[in-house]
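Read through the structure below, which is laid out as structure tokens, and then see the notes.
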Amino acid sequence: MPAPERLLFDDLGISYIRSSRSQHANIHEGNNRVGKASPLENLRNRLQDPDVHDLTSATMTAVPQSQPSLKFRFDRQLWQRLVEIAQPYFYPPGARSSRQFLFLILTQLVFVVSFTFFFVVALSLIGFQFAPQFFAGLVNQIIYLKFLSSLGKSSLEIFQNLLTFLPAYIFLVLLIASGGIFYAYRHKLQGREKQWLILGLLLFLAFIVSSLNVLISYVFRFIDNALNGRDPKVFWEFLWVYGITLVVAIPILIGYRYTRRKLALFWRAWLTNTLLKDYFSNRSYYELDSNAANTDIDNPDQRITEDVNSFTTTVLDLILDILNSVLDLIAFTGILYSISTELTFGLVGYVSIGSILAIWIGTKLIKINFNQLRLEGDFRYGMVHVRDNAESIAFYQGETLERNQVEGRLSRAIRNYDLLIIWFALLDIFQYAYNYFARLVPYLIVAPLYFAKKVEFGTIGQGK
């Protein structure tokens, strides 16, 4: 991107910042000759020198702050830049490093899925030890485990011998193989084991949270069925189950959110230090000076101090939210399919239309937000520019021109923010309408099935 708008001297083509460097040297020489005179008086005396006399006749003008070509484009080049920024924290850059990085992510997913399998089996065995009848009835009601009843054994016997089944051996092999791959890559990670451990913990907690959501949906289904059937024993039994589930789920959810924020914080600290090292190397800060004509980056101070934090938090939240959505989609699609095929396809169509509209609105908001960040940075730079060059502005009586420049930047930022408000209003309309109508779809499809006595009363709530 071209450098933000700046004030230049017409005759000499020198910006306020660059002129202030030479003026600082002139003031220093003037102090040696004039003594304790003020810097402004020294500058006036120095300007009487024939070498710098032309400065007094220079007039100030403005260079346009931005070009119409400055537009956000989500293309392959942007994707490559995203990978170049995000990958080094987890895997060192190099030849084919992106493929290896993706391979390690998939390997970690396999490891977490295998580990979660054995973790859930262990919890199930513990539950059967304390309340075998209750857990046997619960297992027989859950759609994903109904196939166990066709094996000719009780649920307790099946879970006790689950580790001898073929799936258990498959998950054991995957667990050992994925762990061995990470052990083989330990030298290539170059001290990045901590972030992979935290990322693995986040993936594991994401699976647990999704499992808890499925469990809670069944608990409320049983509670609604008990209320409809006026069965106080089952009602109070599952109400206790819900209370215990909350006691277990709340620390897990808090730990999940806390770990997400900690990983984003660690990532931000690493990325900021890396950018600062590059920024102060080979005079990059000088090449990226907002008054330079050859820089492609606007407001580097804002990019390092603010945008790095937004980048790490947003990217991590986006990845984990997509993972959670995929897990919930897989889990609850099975639940919906067990309730009604019509309900499943109806909600899939509804969600597909909503997703298309959300992507369209989101694309517009990304572009507007991109421009807003740049315009806010330009406005802030204009104010800092006045503060850093107050002496030059006062000497040349450039207050009016500077004020016009700053007000122009503020006006552009306000116009863009007004557009942002309009699109946020459209997004609110879409979100409220989408959420309210989403509650209506299960009633329209499941209610006729309930009146025909094909489903239980609790399936209506679970379908929502």
Side-chain angles (χ1 to χ4, degrees), residues 1-67 70 276 279-280 282-306 373-416:
M1 299 178 184
E5 176 184 2
R6 55 197 182 272
L7 297 177
L8 301 180
F9 295 110
D10 282 344
D11 295 344
L12 299 179
I14 304 174
S15 68
Y16 268 135
I17 288 183
R18 292 186 177 178
S19 66
S20 65
R21 295 190 186 117
S22 61
Q23 291 165 8
H24 177 75
N26 297 337
I27 292 171
H28 180 70
E29 294 179 8
N31 285 336
N32 294 334
R33 295 188 296 176
V34 181
K36 296 183 179 180
S38 66
L40 191 58
E41 292 175 351
N42 290 342
L43 182 58
R44 289 195 183 100
N45 294 332
R46 181 58 181 164
L47 287 176
Q48 295 176 0
D49 193 307
D51 295 335
V52 293
H53 185 267
D54 290 340
L55 285 173
T56 59
S57 61
T59 57
M60 294 174 289
T61 185
V63 172
Q65 172 249 349
S66 60
Q67 300 294 334
L70 283 179
L276 286 175
Y279 187 64
F280 288 102
N282 301 321
R283 296 185 178 180
S284 298
Y285 60 90
Y286 183 79
E287 297 294 332
L288 295 177
D289 181 9
S290 294
N291 291 282
N294 60 342
T295 178
D296 292 332
I297 301 176
D298 64 285
N299 305 298
D301 55 321
Q302 177 188 356
R303 305 302 179 191
I304 296 176
T305 57
E306 297 181 8
L373 289 174
R374 177 176 55 83
L375 293 173
E376 294 286 354
D378 291 340
F379 173 62
R380 183 177 63 253
Y381 167 77
M383 298 300 299
V384 174
H385 177 77
V386 173
R387 183 185 63 188
D388 291 343
N389 300 276
E391 186 175 353
S392 300
I393 297 172
F395 181 81
Y396 290 106
Q397 298 180 356
E399 295 88 352
T400 302
L401 184 57
E402 288 287 351
R403 185 188 64 194
N404 292 336
Q405 297 293 332
V406 173
E407 288 177 351
R409 299 182 184 199
L410 175 61
S411 177
R412 285 186 287 271
I414 290 177
R415 285 199 302 268
N416 189 81

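The basis for the numbers below is simple: all heavy atoms, side chains too, and nothing from hydrogens, waters or symmetry mates.
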List the residues meeting side-chain contact (heavy atoms from CB on, under 4.5 Å) with I414, not counting sequence neighbours, and say none if there are none.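 For I414, the residues satisfying side-chain contact (heavy atoms from CB on, under 4.5 Å) (neighbours in sequence not counted) are L410.
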For [X] against [Y], the heavy-atom pair lying closest together:
X	Y	answer
V386	I393	CA-CD1, 3.8 Å
G382	R409	N-NH1, 3.2 Å
L375	R412	CD1-O, 3.5 Å

* State, yes or no, whether a side-chain contact exists between Q397 and E399 at a heavy-atom distance under 4.5 Å. =>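 The answer is yes; the side chains approach within 4.5 Å.
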* Between R387 and V384, is any pair of side-chain heavy atoms under 4.5 Å apart? ->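 Heavy-atom side-chain distance check passes, below 4.5 Å.
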Sequence neighbours left out, what passes side chain to side chain donor-acceptor pair (under 3.5 Å) with R380? Give chain and number order.
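Partners of R380 under the side chain to side chain donor-acceptor pair (under 3.5 Å) test: Q302.
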Point to revise | side chain to side chain donor-acceptor pair (under 3.5 Å) partners of S411, counting only residues at least two apart | key: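 For S411 the side chain to side chain donor-acceptor pair (under 3.5 Å) partners, ignoring immediate neighbours, are R415.
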Please check: side-chain N/O of N404 versus main-chain N/O of T400, any donor-acceptor pairing under 3.5 Å?
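Here the side-chain-to-backbone pair exists.
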Open item on the list: Which residues pass the salt bridge (charged side-chain N to carboxylate O under 4.0 Å, His left out) test with E407, not counting sequence neighbours?
Closed with: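 For E407 the salt bridge (charged side-chain N to carboxylate O under 4.0 Å, His left out) partners, ignoring immediate neighbours, are R403.
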With rounding to the nearest 0.5 angstrom, report the CD to OH distance, E391 to Y396.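 If I round to the nearest 0.5 Å, the distance is 10.5 Å.
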